[in-house]
Amino acid sequence: MKLDVLALFPEIIIPALQTGILKRIQDIGGLTINVYNLRDWATDRHKSVDDYPYGGGAGMILKPEPLFAAVKTLNTTSDANVVFLTPQGSPLTQSLVEAMSLETHIILICGRYKGIDERVRQQIVTTEISIGDYVLSGGEIAALVLIDAIGRVLPGALGDFESAHEDSFSQDLLDHPHYTRPAVYEGMEVPQVLLSGHHENIKKWRQVEALKRTAQCRPDLLQNLELSDEELNILNTPKNGS
Ligand code: ADE
């Protein structure tokens with residue numbers, strides 16, 4: 001996959017690409033990321049990328065010329081998904097991340113100031129994505145969130161494919177609790193089943209705990225699921241469901 005990022009502050013993004021899983025996935029060739037400064041496509045001698053809004057009002061607007069020119073340069077085969085990071089976009093979810101991880105070329109446009117010229121949205125943006133219902137000072141951090149989420153599900157990123165497969169949300173549920181040594185810490189014990197070595201029981205315990213945790217922390221997620229009678233029973237048993 002190739003990811004091109006258009007930003008006014010590339011320095012927010014670049015250091016994060018040089019560590020951890022994002023570095024690994026680039027090193028093994030699973031992902032190529034290029035971060036560009038939108039100012040490189042400015043057309044006037046002041047290299048300006050923003051201008052006052054027609055009709056008046058507060059805030060500056062990203063001009064159309066640099067964005068049209070940049071996307072024209074980068075989208076050579078015209079088949080890239082041109083994504084604009086904006087609070088008005090579709091909410092970013094794990095299933096959207098997984099769908100995007102199958103694409104071959106994504107161009108991310110990071111907004112700044114009050115927004116972008118509407119003609120850019122209409123003519124070149126193919127997808128609008130929001131990372132949450134709050135307003136950031138620009139799209140760079142949102143782009144990083146998206147890049148990180150995509151990068152870690154690409155084959156080879158985690159070393160062990162299972163670990164992405166068993167993440168929170170990958171089965172539409174939150175992750176189950178985890179424990180590591182010691183088996184007893186200041187009187188607090190690791191659940192016995194995890195020490196039993198009984199793989200079937202451990203698997204079952206994890207499924208039940210993921211369900212209970214989701215019911216407790218994010219009950220809204222359960223509304224989209226078809227729960228089996230057994231699962232409904234677990235949730236309706238006060239001791240388990242609480
Ligand atoms: N730019 C500013 N706020 C944003 C948000 N919540 N999501 C994506 N891009 C943004």
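Everything quoted here is computed from the prediction, not taken from an experiment. Values reported hereafter were calculated over all heavy atoms of this structure, with side chains retained and with hydrogens, waters and symmetry mates removed. When a ligand or atom number is given, it counts from 1 through the structure's own listing order.
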S.K.: For atom 6 (N) of ligand 1, what's the nearest protein heavy atom and its distance?
M.R.: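 For this ligand atom, the closest protein heavy atom is Tyr134 O, 2.8 Å.
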S.K.: State the atoms of ligand 1, each with its element, that fall below the 4.0 Å cut-off from a heavy-atom position in Ala142.
M.R.: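 It comes down to these atoms of ligand 1: 8 (C), 9 (N).
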S.K.: What is the nearest protein non-hydrogen atom to atom 3 (N) of ligand 1, stated with its residue, atom name and distance?
M.R.: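 Checking every protein heavy atom, the shortest distance to atom 3 (N) of ligand 1 gives Leu136 N, 3.0 Å.
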S.K.: Quick check on Ile141 - does any of its heavy atoms sit under 4.0 Å from an atom of ligand 1?
M.R.: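 Ile141 does not count as a contact of ligand 1 under the 4.0 Å cut-off.
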S.K.: Could you check whether Lys212 pairs with Glu231 (Lys NZ or Arg NE/NH1/NH2 to Asp/Glu carboxylate O, under 4.0 Å)?
M.R.: no
S.K.: Consider ligand 1: state whether an atom of it lies below 4.0 angstrom from any non-hydrogen atom of Gly111.
M.R.: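 No, Gly111 has no heavy atoms under 4.0 Å from ligand 1.
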S.K.: Donor-acceptor pair, Arg206 side chain versus His176 backbone, under 3.5 Å?
M.R.: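 Flag not set: sc Arg206 to bb His176 has no pair under 3.5 Å.
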S.K.: Closer than 4.0 Å to some heavy atom of Leu85 - which atoms of ligand 1 meet that?
M.R.: 8 (C), 9 (N)
S.K.: From the options Pro87, Ser130, Pro91, select the one whose nearest heavy atom is closest to atom 10 (C) of ligand 1.
M.R.: Pro87
S.K.: Please work out whether the ring planes of Tyr36 and Trp41 are parallel, tilted or perpendicular, with thresholds of 30° and 60°.
M.R.: perpendicular
S.K.: Side chains of Arg121 and Glu128, heavy atoms from C-beta outward: is any pair under 4.5 Å?
M.R.: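 A side-chain contact exists here, since the closest heavy-atom pair is under 4.5 Å.
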S.K.: Picking from Leu8, Leu38, Leu6, what satisfies side chain to side chain contact (heavy atoms under 4.5 Å, CB included) with Pro66?
M.R.: Leu38
S.K.: Is Asp27 paired with Lys23 through a side-chain N to carboxylate O contact shorter than 4.0 Å?
M.R.: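 Yes, charged N to carboxylate O under 4.0 Å.
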S.K.: Does a side-chain N-to-carboxylate-O contact under 4.0 Å join Arg152 and Asp167?
M.R.: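 Salt bridge flag = yes for Asp167 with Arg152.
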S.K.: Indicate, as side chain, backbone, both or neither, the part of Ile129 found under 4.0 angstrom from ligand 1 when only non-hydrogen atoms are considered.
M.R.: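 Only the backbone of Ile129 comes within reach of ligand 1.
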S.K.: What protein heavy atom is closest to atom 7 (N) of ligand 1, reported as residue, atom name and distance in Å?
M.R.: Ile131 N, 3.0 Å
